[in-house]
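Here the structure comes first, spelled out in structure tokens, and everything after it is commentary.
All residue numbers refer to positions in the sequence shown, counting from 1. The analysis underlying the following values was restricted to heavy atoms, covering all of them including side chains, and did not include hydrogens, waters or symmetry mates.
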Amino acid sequence: MNKFKSDFLNVLNQRGFIHQCSDESGIDQLAVKGELVAYAGYDATAPSLHIGHLTTIMMLHWLQETGAGKPIALTGGGTTRVGDPSGKDETRQMRSIEEIEANALSMKSGIERLLKFGNGATDAVMVDNAEWLAKLNYISFLRDVGRHFSINRMLTMDSVRLRLEREQELSFIEFNYMLLQSYDFVELNRRYGCNMQLGGSDQWGNIVMGIDLGRRMGTQQLFGLTCPLLLTSAGVKMGKTAAGAVWLNEDQLSAYDYWQFWRNVEDAAVSNLLKRFTTLPMSEIERLNNLGGNEINEAKKVLATEATAMMHGRKKAEGAAETARKTFEAGQLSADLPTVEISKSDLAVGMGVLGAFVTAGLVASNSEARRQIKGGGAKVNDTVIADEKLTLSDTNLTGEGVIKLSLGKKKHVLLKPV
């Protein structure tokens, strides 16, 4: 039985997106009338968003899909210059303005996969908070905005309190972050009629501060909604692998590697991930949830293919699934495996196997490659490496003219001399 009047909140509720909500009834009423204008913010710290951002993008997707209102994707061209302390143990690296602007532009390609942009009533818009933050006069900002903030209250917010409890340094510039994020909410309301902010549960304090600032500065009623963080069974944020973040942009992570991430998630996470990161009907998700034993792998394949199709298209998703089938089930060498080009001249004089694994992106350093070899987890052309001083040459090329490097059972890269 549906809990809410609006399709939007019912979908979010059924799919496990709702964690904290400032006013369920108020949000529900606006959603029924199609009058929600909701934003989620993404700081431009890298050229691509990663799957840690995907939950809020999916929330914006369902806002648009159910006709509940208009999504705003806010890139933090301004706030990235400051750095959000939420969930961080150390000060974020300062980036140049040119790098931030390039990242903000590049990030859009991942968001465009899940939102429809345009000029219609429910079409998404992408906004950069540098438009207003970069022009602020500090004295005027302190008088108009800063006076509404209590230091006592700011010190109770998790983003600040947890850093101080761990005796980790919190810079003054980071301490200002919640003022800027709160002001974003007010400015988006003034410019676009934005009335709701979406975020992960670690953003709740900042969202509440923004709602309060809006009230003090005379906006209409503002609302906030957070989703549970994406965590592994060990309680750490999901979205990182040994090779780094699980990026959304294909130039940062291939469609095959993206598919593999979803295929290899923990069994216990499959149900939740199917709800959050696919658009499969709940009845089909329930059927997949009831699969037991080894059949759970079939559910994982569905998850991987559907999640990849949303981000990279159905053709690439099915191609990744077929590449995996050939590699793991049929024992074939697929040309669609991730491929890294190397110089023919380097191979002619001999390439150390440690460096080869680093070049392939399977490990981060020679020492890590050495540990993998000692543990028996590294292979060349499906043969376990016994000697860390092994040198690869033309004699290691397969009939397809490549060298297959493997780490464990599920990570494979082809080295292709050019």
Side-chain angles (χ1 to χ4, degrees), residues 2-42 49 51-76 107-108 110-127 129 181 184-185 187-189 191-201 203-204 206-207 210-211 214 219-230 248 272 274-282 306-307 310-311:
N2 289 334
K3 178 180 177 181
F4 302 100
K5 295 179 181 178
S6 67
D7 289 340
F8 173 60
L9 284 188
N10 280 319
V11 168
L12 293 196
N13 187 49
Q14 292 165 4
R15 292 179 176 266
F17 285 103
I18 299 177
H19 183 65
Q20 298 144 307
C21 186
S22 65
D23 180 354
E24 287 185 350
S25 177
I27 294 172
D28 202 24
Q29 290 177 29
L30 289 173
V32 168
K33 294 185 287 187
E35 295 179 358
L36 284 175
V37 182
Y39 95 93
Y42 309 98
L49 298 176
I51 68 160
H53 300 111
L54 200 51
T55 298
T56 51
I57 300 176
M58 288 301 297
M59 293 170 80
L60 291 174
H61 168 83
W62 286 116
L63 173 82
Q64 190 172 55
E65 190 71 15
T66 59
K70 187 180 190 71
I72 298 175
L74 180 71
T75 59
M107 281 161 44
K108 187 176 181 182
I111 299 174
E112 283 179 323
R113 292 286 187 176
L114 300 176
L115 299 179
K116 177 179 177 290
F117 285 82
N119 299 316
T122 62
D123 286 345
V125 294
M126 196 159 189
V127 183
N129 62 18
Q181 183 171 330
D184 280 347
F185 205 170
E187 197 65 33
L188 285 169
N189 178 262
R191 295 179 181 226
Y192 299 93
C194 179
N195 50 26
M196 182 167 72
Q197 183 179 355
L198 304 174
S201 58
Q203 291 295 315
W204 180 244
N206 289 344
I207 293 173
I211 293 172
T219 69
Q220 67 192 95
Q221 176 64 51
L222 303 180
F223 303 91
L225 180 67
T226 69
C227 55
L229 294 179
L230 195 61
L248 303 187
N272 184 35
L274 281 166
K275 292 175 184 177
R276 283 214 215 176
F277 301 119
T278 78
T279 56
L280 289 173
M282 289 300 295
E306 293 302 315
M310 291 193 71
M311 191 52 56

Check: Once you round to the nearest 0.5 Å, how far does CG of Leu36 lie from CG of Asp28?
Finding: 9.0 Å
Notebook entry, point to check: From Met58 CE over to Lys275 NZ, what is the distance, rounded to the nearest 0.5 angstrom?
Noted result: 14.0 Å
Next item on the list: Starting from the C-alpha separation in whole Å, work towards a yes-or-no answer on side chain to side chain contact (heavy atoms under 4.5 Å, CB included) for Glu24 and Phe4.
Entry: CA-CA 9 Å; Glu24 287 185 350; Phe4 302 100; 3.6 Å; yes
Check: Do His61 and Thr279 come within less than 4.5 Å of each other through their side chains, counting heavy atoms only?
Finding: yes
Next item on the list: Taking the side chain as every heavy atom from C-beta outward, state whether Phe117 and Glu112 have any pair of such atoms under 4.5 Å apart.
Entry: yes
Next item on the list: Hey, could you give me the CG/CG distance between Leu30 and Leu9, rounded to the nearest 0.5 Å?
Entry: 10.0 Å
Check: Under 3.5 Å, is there a donor-acceptor pair between the side chain of Thr226 and the main chain of Ile18?
Finding: no
Notebook entry, point to check: Does a side-chain heavy-atom distance below 4.5 Å link Trp204 with Ser22?
Noted result: yes
Check: Under a 4.5 Å cut-off applied to non-hydrogen side-chain atoms, are Tyr39 and Leu60 in contact?
Finding: no
Next item on the list: Specify the closest pair of heavy atoms between Asp123 and Lys116, including all atoms of both residues, with the distance to one decimal.
Entry: OD1-NZ, 2.8 Å
Next item on the list: Work out which heavy atom in Phe185 is nearest to a heavy atom in Cys194; give both atom names and the distance.
Entry: CE2-SG, 4.1 Å
Next item on the list: Could you walk me through whether Ile57 and Tyr42 pass side chain to side chain contact (heavy atoms under 4.5 Å, CB included), step by step?
Entry: CA-CA 10 Å; Ile57 300 176; Tyr42 309 98; 3.3 Å; yes
Item checked: Minimum heavy-atom distance between Ile27 and Cys21, given as atom pair plus value -> CD1-SG, 3.5 Å
Margin query: Testing Met59, Met282, Arg276 one by one against Arg15 for a side-chain contact (heavy atoms from CB on, under 4.5 Å), which residue passes?
Written below: Met282
Note to self: Once rounded to the nearest 0.5 Å, what's the spacing between atom CD1 of Ile72 and atom CE of Met126?
What the structure shows: 12.0 Å
Item checked: Side-chain touch Tyr192/Lys70, heavy atoms, less than 4.5 angstrom -> no
Item checked: Close side-chain approach of Gln221 to Asn195, heavy-atom, < 4.5 Å -> no
Item checked: Sub-4.5 Å side-chain heavy-atom contact between Asp184 and Gln197 -> no
Checklist line | Minimal non-hydrogen separation, Thr219 against Asn189, with atom names | finding: CB-OD1, 3.4 Å
Note to self: Please report the interatomic distance CZ(Arg113) to CG(Leu49), rounded to the nearest 0.5 Å.
What the structure shows: 13.5 Å
Item checked: Residue pair Gln203 / Gln181, side-chain donor-acceptor N/O under 3.5 Å -> yes
Margin query: I'd like to check Cys227 versus Thr56 (side-chain heavy atoms, cut-off strictly below 4.5 Å). Are they in contact?
Written below: yes
Item checked: Asp7 side chain vs Thr66 backbone, donor-acceptor pair below 3.5 Å -> no
Next item on the list: Kindly give the heavy-atom pair with the smallest separation between Ala68 and Phe8, and that separation in Å.
Entry: CB-CB, 3.6 Å
Checklist line | Approximate separation, where rounding is to 0.5 Å, of Glu35 CD and Met196 CE | finding: 13.0 Å
Note to self: Tell me the closest heavy-atom pair linking Ile211 and Phe223, and the distance in Å.
What the structure shows: CD1-C, 3.7 Å
